[in-house]
Q: 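Here you go, one structure.
Letters go in sequence order (proteins before strands), and every chain restarts at 1.
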Amino acid sequence: MTDIDERFTAARTGGLAEFEQWMGRVKRPIRISLQPYARSVDVEGVVQETLTRMWILLRDPEGRVLTGENASLRFAIVLARNLARNEARRNRREDYLPPEDLPEVPVEPAPAADPALRRAIQACLDQVPKRPLEALRARLELGALMGDRAAAESVAMTLNTFLQNVVRARQQLLQCLKGKGVPAAELVR
Amino acid sequence: MTPDEQEVLIEACVSAYRARDAEGQLVAPPEWWDLSPELLLEVHRRQVESRELERLIDPEGQSATVTAVMARIMG
């Protein structure tokens with residue numbers, strides 16, 4: 001049984017904390033598997049819907065039992081792609097969909113966070129100028145739950161200025177990481 | 001569209017926050033509809049990058065996507 005399978009099983013008998021750990025390992029491969037659909041659907045929404053439905057499946061006592069290596073991740077990727085196709089049709093964006101017989105993608109779970117990379121990022125954050133850093137931190141603290149408009153208001157910026165500052169902060173962060181020998185490609189591989 | 005305007009539209013879509021419609025379904029940010037298919041691929045690339053940065057910055061090691069889904073599950 002793989003680490004992913006163990007976490008999924010633990011979430012079935014445990015609860016939210018275990019499911020949160022499972023999500024942390026699978027969300028990236030799910031998102032990457034949706035790259036061919038990015039021109040036709042909002043991938044972030046599809047990833048979130050997929051994870052929510054996996055929770056519902058997990059808590060259903062009569063839900064199907066998943067078997068095989070990385071079964072929960074493989075199932076989630078199939079689910080995500082089906083949701084993406086349905087969403088594309090709903091939005092009349094079928095023209096941009098990839099072929100139905102798109103080959104299966106390798107399902108490698110996200111690696112554990114590298115402590116050295118984490119330290120490098122913290123060091124680079126210290127070098128980001130004040131306002132872009134405030135914008136980035138506000139998005140990290142509030143953005144996922146309340147949206148960018150609320151995050152912008154929390155640091156007394158207009159939405160447009162806030163977004164420009166987030167862009168600037170990320171660019172400076174990535175530039176600094178590159179100087180430390182960590183290219184952006186390392187983060188998206 | 002100027003490059004700066006384009007950057008702002010892309011960044012608005014990179015966020016993990018998604019509003020819901022009357023049926024409770026997640027909806028794409030309004031800016032998503034203003035981007036060309038090629039720029040939507042760039043949105044995807046930056047989402048991968050941003051979620052990874054968030055995971056590395058967050059003390060709990062979680063990204064904004066996980067935070068958003070946890071909030072949705074807990075109601």
Q: Heavy-atom pairs under 4.5 Å with chain B are the metric here; pick the option from A:T52, A:L125, A:I56, A:V47 that has the most.
A: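 Option with the top pair count is A:T52.
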
Q: Less than 4.5 Å apart, any side-chain heavy atom of A:E44 and any of B:R51?
A: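 They are in contact (side-chain heavy atoms under 4.5 Å apart), so the answer is yes.
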
Q: Is chain A contacted by the side chain of B:E5, its backbone, both, or neither, given a heavy-atom distance below 4.5 Å?
A: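 Contact with chain A: none, neither part.
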
Q: Ignoring hydrogens, what is the shortest heavy-atom contact between B:G61 and A:R118? Give both atom names and the distance.
A: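 Shortest heavy-atom contact: CA-NH2, 3.9 Å.
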
Q: If I take atom CG from residue A:L140 and atom CD1 from residue B:I57, how far apart are they, to the nearest 0.5 angstrom?
A: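 Atom-to-atom, A:L140:CG and B:I57:CD1 are 5.5 Å apart.
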
Q: Between B:M70 and A:M23, is the side chain to side chain contact (heavy atoms under 4.5 Å, CB included) condition met? List the steps.
A: CA-CA 10 Å; B:M70 288 296 282; A:M23 284 196 291; 3.6 Å; yes

Q: Do you know which of A:E87, A:Q21, A:E49, A:Q164 has the most heavy-atom pairs with chain B at a distance under 4.5 angstrom?
A: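 Between A:E87, A:Q21, A:E49, A:Q164, the count favours A:E49.
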
Q: State, to 0.1 Å, how close A:L145 and B:A71 come at their nearest heavy-atom pair, and which atoms those are.
A: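 Looking at all heavy atoms of both residues, the closest pair is CD2-CB, 3.4 Å.
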
Q: Looking only at heavy atoms, what is the nearest atom pair of B:L26 and A:G45, with distance?
A: CD1-O, 3.6 Å

Q: Minimum heavy-atom separation for B:A64 and A:A144, please, with both atom names.
A: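 Answer, listing the atom of B:A64 first, then A:A144: O-CB, 3.5 Å.
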
Q: Out of curiosity, A:R59 CZ to B:I73 CD1, how far, rounded to the nearest 0.5 Å?
A: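 Those atoms lie 10.0 Å apart.
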
Q: Identify whether A:L136 and A:L177 are in the same connected component of the hydrophobic contact network (ILVMFWY, side-chain heavy atoms under 4.5 Å).
A: yes

Q: Shortest non-hydrogen contact from A:D42 to B:P29?
A: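 The answer is OD2-CD, 4.1 Å.
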
Q: Would you name the heavy atoms of B:S15 and A:G143 that are closest together and state the gap between them?
A: OG-O, 4.3 Å

Q: Quick one: do A:V78 and A:F8 end up in the same hydrophobic cluster if we chain Ile, Leu, Val, Met, Phe, Trp and Tyr together by side-chain heavy atoms under 4.5 Å apart?
A: no

Q: Quick one: CG on A:N91 to CH2 on B:W32, what's the gap to the nearest 0.5 Å?
A: 6.0 Å

Q: Identify the residue among A:R31, A:K27, A:Q48 that makes a side-chain hydrogen bond (donor to acceptor under 3.5 Å, both in side chains) with B:T65.
A: A:R31

Q: When you check the side-chain N and O atoms of B:S36 and A:R39, is any donor under 3.5 Å from an acceptor?
A: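 Per modelled atom types, B:S36 and A:R39 side chains form no pair under 3.5 Å.
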
Q: Heavy-atom distance under 4.5 Å to chain B: side chain of A:V41, backbone, both or neither?
A: backbone

Q: Measuring only between side-chain heavy atoms, which start at C-beta, is A:R168 closer than 4.5 Å to B:E7?
A: no

Q: Are A:L173 and B:I10 linked, directly or through intermediate hydrophobic residues, by side-chain heavy-atom contacts shorter than 4.5 Å (ILVMFWY only)?
A: no

Q: Please answer: with hydrophobic residues joined when any side-chain heavy atoms are less than 4.5 Å apart, are B:M1 and B:V14 in the same cluster?
A: yes

Q: Taking atom CD of A:E141 and atom OG1 of B:T67, what is their separation to the nearest 0.5 Å?
A: 11.5 Å

Q: State, yes or no, whether a side-chain contact exists between A:E20 and B:V69 at a heavy-atom distance under 4.5 Å.
A: no

Q: Go through A:P115, A:A151, A:G147, A:G24 and name the one with the most non-hydrogen pairs under 4.5 angstrom from chain B.
A: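 Counting heavy-atom pairs under 4.5 Å, the top option is A:G147.
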
Q: I'd like to verify something: which residue of B:M74, B:Q47, B:E38 has the highest number of heavy-atom pairs under 4.5 Å with chain A?
A: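 Option with the top pair count is B:Q47.
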
Q: Could you state the interatomic distance from CG (B:L56) to CG (A:L117), rounded to the nearest 0.5 Å?
A: 4.5 Å

Q: Quick one: what part of A:F19 sits under 4.5 Å from any heavy atom of chain B, side chain, backbone, both or neither?
A: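 Looking at A:F19, just its side chain touches chain B.
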
Q: Is the closest side-chain donor-acceptor distance between B:S50 and A:R170 under 3.5 Å?
A: yes

Q: Are more than 12 heavy atoms from other residues, nucleotides or ligands located less than 6.0 Å from atom OH of A:Y96?
A: no

Q: Could you tell me whether A:R149 atom CZ has more than 12 heavy atoms of other residues or ligands within 6.0 Å of it?
A: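 Counting other residues, nucleotides and ligands, CZ of A:R149 stays at 12 neighbours or fewer.
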
Q: Checking B:Q25 against A:R90 for the side chain to side chain contact (heavy atoms under 4.5 Å, CB included) test, could you report, in this order, the C-alpha distance in whole Å, the side-chain angles of both residues, the deciding distance, and whether it holds?
A: CA-CA 12 Å; B:Q25 291 195 323; A:R90 203 167 69 94; 3.1 Å; yes

Q: Which value, rounded to the nearest 0.5 Å, describes the distance between A:L163 atom CG and B:E31 atom CD?
A: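 Spacing of CG (A:L163) from CD (B:E31) equals 7.5 Å.
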
Q: Is the closest side-chain heavy-atom distance between A:Q35 and B:V48 below 4.5 Å?
A: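 When only atoms from C-beta onward are counted, B:V48 and A:Q35 do not touch, as no gap falls below 4.5 Å.
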
Q: Is it the side chain or the backbone of A:L174 that comes within 4.5 Å of chain B heavy atoms, both, or neither?
A: side chain

Q: Would A:R139 and B:E11 pass as an ion pair if we require N to O under 4.0 Å?
A: yes

Q: Determine, using the 4.5 Å side-chain heavy-atom cutoff (strictly less than), whether B:L41 and A:V43 are members of one ILVMFWY cluster.
A: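 No.
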
Q: Report yes if some heavy atom in the side chain of A:I121 is under 4.5 Å from a heavy atom in the side chain of B:L53; otherwise report no.
A: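 They are in side-chain contact.
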
